[in-house]
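All chains are named by letter (A, B, ...) in the order of the sequence lines, taking the proteins before the strands, and each is independently numbered beginning at 1. Just so it is clear, the model here is predicted, and its values are computed rather than measured.
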Protein chains: 2
Amino acid sequence: MEARTQVDRIYQQLLEAIVRGDIAPNERLRESELSTELGISRGPLREALHRLESRRLVRKVPHVGAQVVGVDRQELIELYQIRENLESLACELAAKHMTDEALQELGAVLVRHERYLDDQNDQFYIQQEGDLDFHFNIIQASGNRWLISLLCDELYQRVRMFRFQSAHRRGRPRQALEEHQRIFEALQQRDGELASLLMKRHIRSARRVLEQTTEETLL
Amino acid sequence: MEARTQVDRIYQQLLEAIVRGDIAPNERLRESELSTELGISRGPLREALHRLESRRLVRKVPHVGAQVVGVDRQELIELYQIRENLESLACELAAKHMTDEALQELGAVLVRHERYLDDQNDQFYIQQEGDLDFHFNIIQASGNRWLISLLCDELYQRVRMFRFQSAHRRGRPRQALEEHQRIFEALQQRDGELASLLMKRHIRSARRVLEQTTEETLL
DNA sequence: TATCCTTCTATTGTAGACAATCTATGGAAG
DNA sequence: CTTCCATAGATTGTCTACAATAGAAGGATA
């Protein structure tokens, strides 16, 4: 797990800290402070911050400084709109290109996820990662490099951050799992059109929940 | 047009140079060489390169260096697949949110584009920018910040780069314009569903052309 | 008392020097 | 002649010091 360069290491470290909320949204990031804290000089730190800015997790203002981005519900909704369209595409492509091994692995993810729901039905972290694993696997199977990079590297970090911030168990874990299973079946039958449709509907349902949630309940 | 910081300025400069092909694909980018050439020190240059890497226009290998990314047809096709889905979404949203002023401006873009086609029917650059203007306007009108950023900042730079590289006039400019006009009409009538469909078909047609073009003809 | 200006401090932006790493060249051994 | 290793050069990664800028504090004036 050794990163080959300090920038990579620091970037990963800060990314995780921000996503998990260890560094709070809107918190100011002072370069000298952070660099001494992390035991490096300002050079690499600046490059890491720059990268976080590109990934939209940090906002920089010239000559003023950097701060962690905030969270607002509207943005999350916008993200989900995009996911609806990109992940349905991912399903369409995955149905064509997915290897049998990948399909098998996807099934295993579902089984694990179900077991998590039964066993430790309150573990937020595990539950979230189980959910995301399913989506990740499909995206990877699409074979579209841009799609993979956009969704996994950019959108999903932000989605994870939101979920940590809202610190709520997802509203409908059981139903979500069932929808996952349907999508899986469609993929098994190589029915890209159906899988695509189901995925779109799956994410749209989640978005609807968001839209109907009042600010105070969620954020 | 003064950038507030050297990094911004250098970034813009390199971005344009790469997109327009003044710096060739796969060309190696040596830090000291570039920095002296641009009259700055390596610090800001490195940050600019980092940013270009995030935007997928430059590839960096630790301890080895940076080089401009290459171009391959398959990647362009993958990009168009994504555009199909994201820009159709943009149409759907734009039909809802677009102001009358924005609609008027979009119409003006079309008129200009048509005139360009008539007058200087070989000017590649003008033609391309006219085409892109139309798409940009709709994306902006969607009001979805992530959508705007993803398409305009990330995907389109790469699309432009490909077009400059292939150095061919687009195959079907006249037909493309007509399709634009249809999309415009749908937006005028606030028919998001139709506009979305037409945009999807519009981009798909372009992709089909790409898919049927042999390597040698295009790249 | 409120407002404007000046000065000062904290923080970011930039430059240049040093350390760590990779690649290529050349020679020695099989 | 080929393969391997060692050394040298070039290039990137990192650190420290300095310059430039923004924002805050404090005083002077109306």
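In summary, contact between chain B and DNA chain C, defined as any nucleotide atom under 4.0 Å from a heavy atom of the protein, begins and ends at C:dG13 to C:dT23 in the 5' to 3' direction.
Every residue was checked against the ring-ring contact (aromatic ring centres under 6.0 Å, His included) condition with A:Tyr11, not counting sequence neighbours, and none meets it. Contacts of A:Val69 classified as side-chain contact (heavy atoms from CB on, under 4.5 Å), with partners at least two apart in sequence or in another chain: A:Arg59, A:Arg158, A:Met161. For A:Arg145, the side-chain contact (heavy atoms from CB on, under 4.5 Å) test picks out B:Asp72, B:Gln74, B:Glu75, B:Glu78, with sequence neighbours left out. Every ring-ring contact (aromatic ring centres under 6.0 Å, His included) that A:His135 has, sequence neighbours left out, goes to A:His180, A:His202. Listed by chain and residue number, B:Pro44 satisfy the side-chain contact (heavy atoms from CB on, under 4.5 Å) test with B:Ser41 (two or more places apart in sequence, or in another chain). The ring-ring contact (aromatic ring centres under 6.0 Å, His included) search around B:Phe184 returns none, not counting sequence neighbours.
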Name every donor-acceptor pair, under 3.5 Å, that has one atom in a side chain of residues 98-110 of chain A and the other anywhere in the protein, sequence neighbours excluded.
from	atom 1	to	atom 2	distance (Å)
A:Thr99	OG1	A:Ala102	N	3.1
A:Asp100	OD1	A:Arg190	NH2	3.1
A:Glu105	OE2	A:Arg112	NH2	3.4

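At distances below 3.5 Å, at least one donor-acceptor pair connects side-chain atoms of A:Ser196 with backbone N or O atoms of A:Ser88.
Backbone-only engagement by B:Leu29 is indicated by non-hydrogen atom pairs under 4.0 Å involving sugar-phosphate atoms exclusively.
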- request: Could you run through nucleotides 13-20 of chain D and give me one letter per nucleotide, 5' to 3': B if any protein heavy atom sits under 4.0 Å from the base, S if only the sugar-phosphate is that close, - if neither?
  value: BBBB----
